Amino acid sequence: MLTHIAGKTYCLATPAATIGVYLIDKHNCLLIDSGEAAHGQQVLDFLNEQGWRVSAIINTHAHADHCGANKLIAEATGADIYASAPEKIFLENPWLIPYTLFSAHPPRSLDNRFIVPPASPEVEAVSPGNCVMQGVSIQFFDLSGHTPGQIGVFTPDQVLFAGDSLLSSQAYHTFPCPVVADVKSQLTALETLAESRYDHLCISHGGWVDQPLAVIEQNREWLLGLINDVLGALQGQAMNREQLVSCIIEKRKLTVNTVQFYLAWSSVSAVISYLLDNRSIKTHFHPAGITYTAR
Ligand SMILES: [Zn+2]
């Protein structure tokens with residue numbers, strides 16, 4: 001479903017994620033993300049019906065539900081693909097995604113369409129700041145935290161597409177654990193979103209945000225809640241990383257399949273790293289492994 005946001009900016013809901021559409025002129029558009037590979041042909045057919053050719057795809061980040069259709073759309077239209085330098089690495093080499101989640105060559109169970117998108121054709125790296133793209137003045141926001149190089153995309157109509165930097169209540173209640181790769185950066189991204197000026201905010205899972213400041217604050221509380229849960233579990237007892245992940249899964253009653261287990265694993269790992277760096281917890285080295293306790 002296509003929703004008009006402002007001026008030449010629209011969002012297009014697909015079953016996996018909401019895509020941004022900016023009309024360059026009557027016949028050409030920019031996409032902000034491309035959605036999951038399985039829905040790429042549907043997206044392309046819909047845009048063709050409108051008479052809109054995709055000139056460029058800007059990816060907020062390299063998760064499969066945001067960039068999976070890059071290859072199909074770029075091959076069909078000749079669209080250029082843009083992303084931040086860190087996300088470019090994953091877009092062009094998606095096998096690295098399960099590799100980093102598992103920290104070694106991953107088992108086949110992690111090599112699936114929810115984790116590994118088709119490799120994108122050559123991606124051009126962009127940096128936070130202003131950029132003229134296909135004659136359109138676009139601004140990129142550094143929203144790293146959910147992934148190492150997530151960007152927000154701000155259109156000339158004052159619409160900010162913020163990727164997965166914010167979760168909707170519905171998304172959080174389906175899986176009540178923020179998915180974060182870098183906690184410090186994510187807290188900074190939330191500050192950036194709270195302090196920036198825009199008329200409209202769109203997120204990938206939920207679309208147009210009605211009350212941005214309330215949603216930003218809610219996301220900050222969810223992240224602080226995860227930090228507190230990890231810190232609380234380490235008060236007076238030592239745990240290793242695996243035990244902490246199990247503790248969070250049980251406390252939050254997460255229903256986990258293989259993919260969701262490793263998303264929780266990754267988020268808990270990010271929190272451990274954050275708490276070690278700000279000296280809230282300490283590491284104990286044992287002959288048989290590593291545990292952590294609160295300081
Ligand atoms: Zn994501």
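Remember, it's 1-based here, ligands and their atoms both numbered in the order they're listed. It should be emphasised that the depicted structure is a prediction, and the values quoted were computed from it without experimental measurement.
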| message | I want to know whether Phe140 and Phe154 have ring centres closer than 6.0 Å. | response |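 When the ring centroids of Phe140 and Phe154 are compared, they turn out to be at least 6.0 Å apart.
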| remark: Residues passing the side chain to side chain contact (heavy atoms under 4.5 Å, CB included) test with Gln134, sequence neighbours excluded, are Ile24, Leu30, Ser55, Ala56, Asp80, Tyr82
| field | Residues clustered with Val132, ILVMFWY side-chain links under 4.5 angstrom | value | none
| query | When Tyr10 is tested against each of Trp208, Trp52, Phe46, Phe161 for ring-ring contact (aromatic ring centres under 6.0 Å, His included), which residue passes? | reply |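 One option only clears the test, and that one is Trp52.
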| query | If you leave out waters, which protein N, O or S atoms are less than 2.8 Å from the Zn ion (ligand 1)? | reply |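 You should have found His61 NE2, His63 ND1, His146 NE2, Asp164 OD2.
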| What pairs meet the salt bridge (charged side-chain N to carboxylate O under 4.0 Å, His left out) rule with one or both residues in residues 23-47, with sequence neighbours excluded? |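 Pairs touching residues 23-47 that pass the test: Glu36-Arg113.
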| query | So, Ser34 and His66: side-chain donor and acceptor under 3.5 Å apart, yes or no? | reply |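 No, because no side-chain N or O of Ser34 sits under 3.5 Å from a partner of the opposite role on His66.
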